[in-house]
Colleague: 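Before we start, here is the structure in question, set down as structure tokens.
Throughout, numbering of the chain's residues begins at 1 and tracks the sequence. Just so we're clear, the structure is a prediction, and the values are computed from it rather than from any experiment. What's counted below: heavy atoms across the whole structure, side chains too, no hydrogens, waters or symmetry copies. Numbering of ligands and ligand atoms starts at 1, following listing order.
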Amino acid sequence: MNGIYLDHAATTPLRPSALEAYTRAALETGNAASTHRAGQAARELLEEGRARAAAALGVRPLELLFNSGGTEGDNHALLALARLFPGGHLVTVLTEHSAVLEPARLLESLGYPVTFLKPDAQGRVHPDALAAALRDDTFLVSVAHANNEIGTVQDIAALAEVAHARGARFHTDAVQSPGVLEVAPTRWNVDLASFSAHKWGGPKGVGLLYVRRGLDLPPLLLGGGQERGLRGGTHNVAGAYAAAISLEEALREQPAEHERLRALQRRLEAGLRKVPGVSFNHPPDGNPKVVSVTLEGADGEALLMNLDLEGVYASLGSACSAGTMQPSHVLLALGMSERQARSTLRFSLGRTTTEADIDAAVAAFERVAARVVV
Ligand SMILES: Cc1ncc(COP(=O)(O)O)c(C=O)c1O
């Protein structure tokens, strides 16, 4: 790909290790559910992948479910658990990804009471605020580990403790974390955690849902009883295997990558700050891959298009809301005006980002800013 790709929170390039693992597993003919030897060969790769992903995450293999990604994991956690608690209370946050907000709204339309917490101006949910929202009938709390638009990192262990103290279960959407932030479902003591392979350099359309042992989660997809009855559908063996192998690599590299991206993030901030009218929305201690920048008086869409013409690829808030012309629900929830939200861009850094990329992006931003400020 030509150009400077600064949209790693939307998706990040496939790792060579993922491609190699995918190719190897894709050449296995068998269906992992078949009992003959061809099926067993596929099954062995699937289970090897599950065991290696589990070891990397510090969980048990039986606690990991392979699925189609973050959207499915989030939907599964909310919608399937809700079936066990008809009419129960759900707590989530206004700044969650739409993969959590939409199922929450669906439940609300079906008569489930839902509390959408408003975070502080930096996107943080305080344990006291969560405690105040909990009720005796709260069956689930869902709070993302790292926000995809502004990078705010929540204290998941503290929030999960508060939820458990009232008898509620806890789900975290940890889609933006692996490879950059420490992920620790066991230390966090969460019941459910969603992951998506294409965010750490695995293939698109593959994910993992962590389901704590002992949690009685019904399936979301009903069918042939695959994944111990938790998810019907023929296994995507190659995708799952490639996800697992690349996850191992991403988690191994995470501590060093965190430091490297933090330095690049600071460099990008320092460069952009020189442009008059620039301010930042990401907290300084958030996910180092995210830079959310507001250019006062600018039309964000024009900014994005002009950067694209300069060969710099960024995003308007989340990729999923890009193109809808709606100001980002995350920025509005932080208290920004519609006008400010529409003047905001997200740059997101990743494994392939270099200092030269940052410097070129800053130079392009300076040129473009002069054209689009109205
Ligand atoms: C925080 C968060 N949750 C969920 C998703 C959806 O994941 P997927 O693309 O695997 O469906 C994304 C991806 O944009 C995300 O950033």
Colleague: Should D359 and R267 count as an ion pair when the cut-off is N to O under 4.0 Å?
Modeller: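 Looking at D359 and R267, the cut-off is met.
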Colleague: Which one holds for Q176 and ligand 1: side chain close, backbone close, both close, or neither close, with close meaning a heavy atom under 4.0 Å?
Modeller: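 Side chain only.
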Colleague: Flag the pair E259 and R262 as a salt bridge only when some basic side-chain nitrogen lies within less than 4.0 angstrom of an acidic carboxylate oxygen.
Modeller: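 The answer is no: the pair does not qualify as a salt bridge.
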Colleague: Quick one: look at D74 and ligand 1, take heavy-atom pairs under 4.0 Å, and tell me if it's side chain, backbone, both or neither.
Modeller: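 Side chain only.
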Colleague: For ligand 1, is there an atom lying under 4.0 Å from some heavy atom of K199?
Modeller: yes
Colleague: When only distance counts, is S196 in polar contact with ligand 1, meaning an N/O pair under 3.5 Å?
Modeller: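 By distance alone, the answer is yes.
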Colleague: Residue-level breakdown please: for N148 versus ligand 1, do any non-hydrogen atoms fall below 4.0 Å on the side chain, on the backbone, on both, or on neither?
Modeller: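 Looking at N148 and ligand 1, just side chain atoms fall under 4.0 Å.
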Colleague: Side-chain heavy atoms under 4.5 Å apart, restricted to Ile/Leu/Val/Met/Phe/Trp/Tyr: what other residues fall into the cluster of V290, or is it alone?
Modeller: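 Members alongside V290: none; it stands by itself.
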Colleague: I need the atoms of ligand 1 closer than 4.0 Å to a non-hydrogen atom of G69, numbered in the order shown.
Modeller: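 Listed by number with element: 10 (O).
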Colleague: Would you mind listing which atoms of ligand 1 come within a distance below 4.0 Å of any non-hydrogen atom of T71?
Modeller: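 Listed by number with element: 6 (C), 7 (O), 8 (P), 11 (O).
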Colleague: Does the pair R351/E249 count as a salt bridge with the N-to-O cut at 4.0 Å?
Modeller: no
Colleague: Is the closest side-chain heavy-atom distance between K289 and Q265 below 4.5 Å?
Modeller: no
Colleague: For atom 2 (C) of ligand 1, which candidate among K204, H97, E96 holds the nearest heavy atom?
Modeller: H97
